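Notes to accompany the following structure.
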Amino acid sequence: KNFPPGPPSLPIVGNVLQLSLRNPLNDFERLRKSYGNVYSLFIGARPVVVLSGVRAIKEALVTRGTDFAGRPQDLFVNDVTRRKGVIFVDYGCSWREHRRFALTTLKNFGMGRNSMEDRIHDELQHTVESLENGIGDTLRPQGLLHKTSFNIISQMLFATRYDHEDEILNAFVSYIKENTKIGNGPWCVIYDSFPKLRNLPLPFKKAFENFENISKVVVGLVSEHKKTRVPGEPRHFVDCYLDEMDKKRDDSSFSEEEFTTYALDLLTAGSDTVSSTLLTAFLYLMSYPHIQERCQQEVDRELGGKERVDFDDRYNMPYTQAVIHEAQRVANVAPLSIFHCTIKDTELMGYSIPKGTMIIENLTSVLNEEGQWKFPHEFSPENFLDEQGQFVQPEAFMPFSAGPRVCLGESLARMELFLILVTLLRKFKFIWPEDAGEPDFTPVYGITMTTQPYRMKVQLRSTQ
Ligand code: HEM
C-alpha cells in the first residue's frame with residue numbers, strides 16, 4: 001500500500017526483460033521520466049525501489065540515513081563473499097565495528113612519517129619510472145594505473161608493494177577483473193532473480209572458486225606477517241587488526257575469516273575505482289589539450305621548484321581541482337552505487353517503503369542532473385568554478401554517495417587522485433596518438449564503470 005509506482009511486471013521474471021543487461025542506465029532514465037524520482041520495479045520476484053536525483057537520494061541516505069543503511073542479504077555478492085567484510089554486510093554490529101576500525105586506522109596512517117601521502121608518493125615513483133620507459137612508444141595505461149592504485153592499498157594493508165610482474169599482484173588483479181566481470185554479467189542477474197537455479201553448475205560458480213583461491217593468498221600473507229609481528233607495535237593495517245583481535249572481547253566481530261573478505265573488499269573497492277577515474281581524466285586531458293596545458297601552467301606556477309606536491313597544495317590550484325572533480329563526475333565510476341536495503345518500515349517523498357526493500361540509488365541521475373550543473377552533459381571544469389575562478393563543489397557532486405554508507409575510502413581516493421594527477425601532469429605531456437582515430441568517450445558499463453581501452457603517447461615536459 002502506497003508503494004512507489006512502477007511499470008507493470010510479469011510473473012517470475014518481474015521487469016528484468018525491460019532492462020538491458022549490457023547497460024540498464026538508459027532504461028532507468030526512461031522509467032524515471034515516466035514514474036518520477038522514486039519508482040519501483042521487480043527483479044524476479046524481488047521488489048526494488050529506484051531513487052533518482054539529488055533530492056530523493058539525499059532524503060533517503062542522509063535525512064533518513066539509518067533507515068536506508070542496510071544491504072540486501074540474498075544476492076550473489078553476499079554468497080560469494082560469505083557474508084563477511086564490510087561492503088556487502090548488513091547494517092549492524094559487525095559492519096559498524098569494521099567500518100569504524102577502517103576509518104580510524106586509515107586516519108592513523110595519515111599521520112607521521114608513514115603517512116598515506118608518503119606511501120602514495122613512494123608508489124608514484126614506480127609509475128613515473130614505467131611511464132619514462134614508455135616514452136617514444138604508445139602505451140596502454142589500464143594495467144599500469146590499476147596496479148598503481150592496487151599497490152597503494154596493499155601498502156596500507158600489508159606495507160608491501162609488488163613489482164608489476166609479480167605473481168601475487170597479478171593474481172589479485174585477475175581476481176578483481178574476473179569476479180567484477182561475472183558480477184556485471186547476465187549470470188549474476190540469473191543468480192539473483194531465480195534462487196532455485198543457484199545450486200546448478202552454471203558459470204557463476206567460477207566466482208566462488210576465484211574467491212576461494214584468492215582468499216588462500218590473503219591467508220598466506222597474514223600468516224607471513226604474524227611471524228614478524230610485535231603485538232602492540234603495529235606496522236600496518238593487518239597488525240592493527242590482529243591487535244584488535246588480541247583484545248578478545250566476548251562480543252567482538254573481529255576474526256581472521258572476517259579479515260580475509262575485509263582485505264579483499266578494500267583491495268577491490270580501492271583499486272578499480274581510482275584507476276577508472278584516472279583513465280577517464282587522461283582520456284579527456286588528451287582530448288582537450290588546452291585543459292591539460294592550463295592545469296600544467298597552474299601546477300608549475302604553484303609548485304615552482306618544490307620537490308613534490310602535497311595534498312594541501314590543492315587549495316591553491318582551483319582549476320586543477322575543478323578538472324579532477326569534473327573527471328570524477330563524468331567517470332561516474334559507481335553508476336548505481338552499491339545496492340542498499342531498508343532496515344525498517346519507512347517513508348520517502350510521501351511513499352511507504354517496507355523493511356527489507358532493496359534500494360537502487362541511481363548516482364548517474366545526480367551526476368548529470370539538469371538544474372544542478374552548468375553543463376550537465378559535457379566535460380567542463382566550469383562545473384566546479386565560480387565567477388572568480390574559485391573552486392566550488394555543487395551539492396550534486398556525490399560520486400562517493402552519502403550518508404552512513406558513504407564510501408569509506410573517500411579521503412584516500414581524493415588524496416590519490418590529486419597527488420597522482422598533479423605529479424604526472426607536472427612531469428609528462430599526454431598525447432592522443434595520431435593513428436588512434438577519434439577518442440571514444442562511451443563508458444564501459446559495470447558495477448564500476450570504466451573507459452573503452454585506449455592508448456596514449458607520453459612525452460617528458462620541457463618546462464619544469
Ligand atoms: C574514485 C574512487 C572511489 C569512488 C568513486 C567510490 C565510490 C563508492 C561508492 C559509490 C560506494 C557506495 C556507497 C553506498 O553504498 O552508498 C562506495 C563504498 C565503499 N568504498 Fe568506495 N569509492 C572509491 C574509492 C574507494 C577506496 C580508495 C576505497 C578503499 C579504501 C574504497 C572503499 C569502499 C568501501 C569499503 C565501501 C563500502 C562502505 C560501506 O558499505 O560501509 N572506496 N565507494
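Order of listing sets the numbers, starting from 1, for every ligand and every atom in it. A quick note: this is a predicted structure, and the numbers were derived from the prediction, not measured. For the numbers below, each heavy atom of this structure counts, side chains included, while hydrogens, waters and symmetry mates do not.
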*Inspect the surroundings of NZ in Lys177 and state if more than 12 heavy atoms from other residues, nucleotides or ligands are less than 6.0 Å away.*
no
Enumerate, atom names and distances included, each donor-acceptor pair closer than 3.5 Å involving a side-chain atom of residues 278-287, sequence neighbours excluded.
{"residue": "Thr280", "atom": "OG1", "partner": "Ser276", "partner atom": "O", "Å": "2.9"}
{"residue": "Ser287", "atom": "OG", "partner": "Leu283", "partner atom": "O", "Å": "2.6"}

*Kindly confirm or rule out a cation-pi arrangement of Arg294 over Tyr319, judged by NZ or CZ under 6.0 Å from the six-membered ring centre and within 45° of its axis?*
yes
*May I ask you to establish whether Arg30 and Phe28 are in a cation-pi arrangement, using a distance under 6.0 Å from NZ or CZ to the six-membered ring centre and at most 45° from the ring axis?*
no
*Return the set of protein N, O or S atoms whose distance to atom 21 (Fe) of ligand 1 is under 2.8 Å, each given as residue and atom.*
Cys407 SG
*asked:* salt bridge (charged side-chain N to carboxylate O under 4.0 Å, His left out), that's the test. Do Glu395 and Arg55 meet it? Break it down for me.
replied: CA-CA 10 Å; Glu395 189 193 6; Arg55 289 276 77 75; 2.9 Å; yes
_Residue Thr277 vicinity, atoms of ligand 1 by number, heavy atom under 4.0 Å_ = 1 (C)
*asked:* I'd like to know whether Asp243 forms a salt bridge (charged side-chain N to carboxylate O under 4.0 Å, His left out) with Arg229, so could you lay out the CA-CA distance, the side-chain angles of the two residues, the decisive distance to 0.1 Å, and finally the verdict.
replied: CA-CA 10 Å; Asp243 280 353; Arg229 151 178 191 248; 2.8 Å; yes
*Close aromatic pair by centroid cut-off 6.0 Å: Phe254 and Tyr241*: yes
*Nearest non-hydrogen protein atom, atom 5 (C) of ligand 1*: Pro399 O, 3.6 Å
*Are His225 and His236 near enough that their ring centres are under 6.0 Å apart?*
yes
_ligand 1 contact on Val86 by region, counting heavy-atom pairs under 4.0 Å_ = both
*Residue, atom name and distance, where the atom is the protein heavy atom closest to atom 13 (C) of ligand 1*: Arg405 O, 3.2 Å
_For atom 38 (C) of ligand 1, closest protein heavy-atom neighbour_ = Arg99 NH1, 3.5 Å
*Walk me through it: do Thr104 and Arg99 pass the test side-chain contact (heavy atoms from CB on, under 4.5 Å)?*
CA-CA 9 Å; Thr104 318; Arg99 186 172 166 101; over 6 Å; no
*Any non-hydrogen atom of Met156 lying under 4.0 Å from ligand 1?*
no
*Is there a donor-acceptor pair closer than 3.5 Å between any side-chain N or O of Arg71 and the backbone N or O of Val89?*
no
*Going by the atom numbers of ligand 1, which of them fall below 4.0 Å from some non-hydrogen atom of Leu363?*
10 (C)
*Starting from atom 14 (C) of ligand 1, locate the nearest protein heavy atom and write down its residue, its atom name and how far away it is, to 0.1 Å.*
His340 NE2, 3.2 Å
*Parallel under 30°, tilted from 30 to 60°, perpendicular over 60°: which one fits the rings of Phe379 and Tyr288?*
parallel
*Can you find a non-hydrogen atom of Gln328 under 4.0 Å from ligand 1?*
yes
*Near Trp95, which atoms of ligand 1 are under 4.0 Å from a heavy atom of that residue?*
39 (C), 40 (O), 41 (O)
*Just need the protein heavy atom nearest to atom 12 (C) of ligand 1, so name the residue and atom and give the distance.*
Ser337 OG, 3.4 Å
_Nearest-contact summary for atom 11 (C) of ligand 1 - protein heavy atom, Å_ = Ile338 CD1, 4.0 Å
*With only distance considered, is Glu361 within less than 3.5 Å of ligand 1 through an N or O on each side?*
yes
_Within 45° cone of Tyr445 ring axis and under 6.0 Å: Arg22 NZ or CZ_ = no
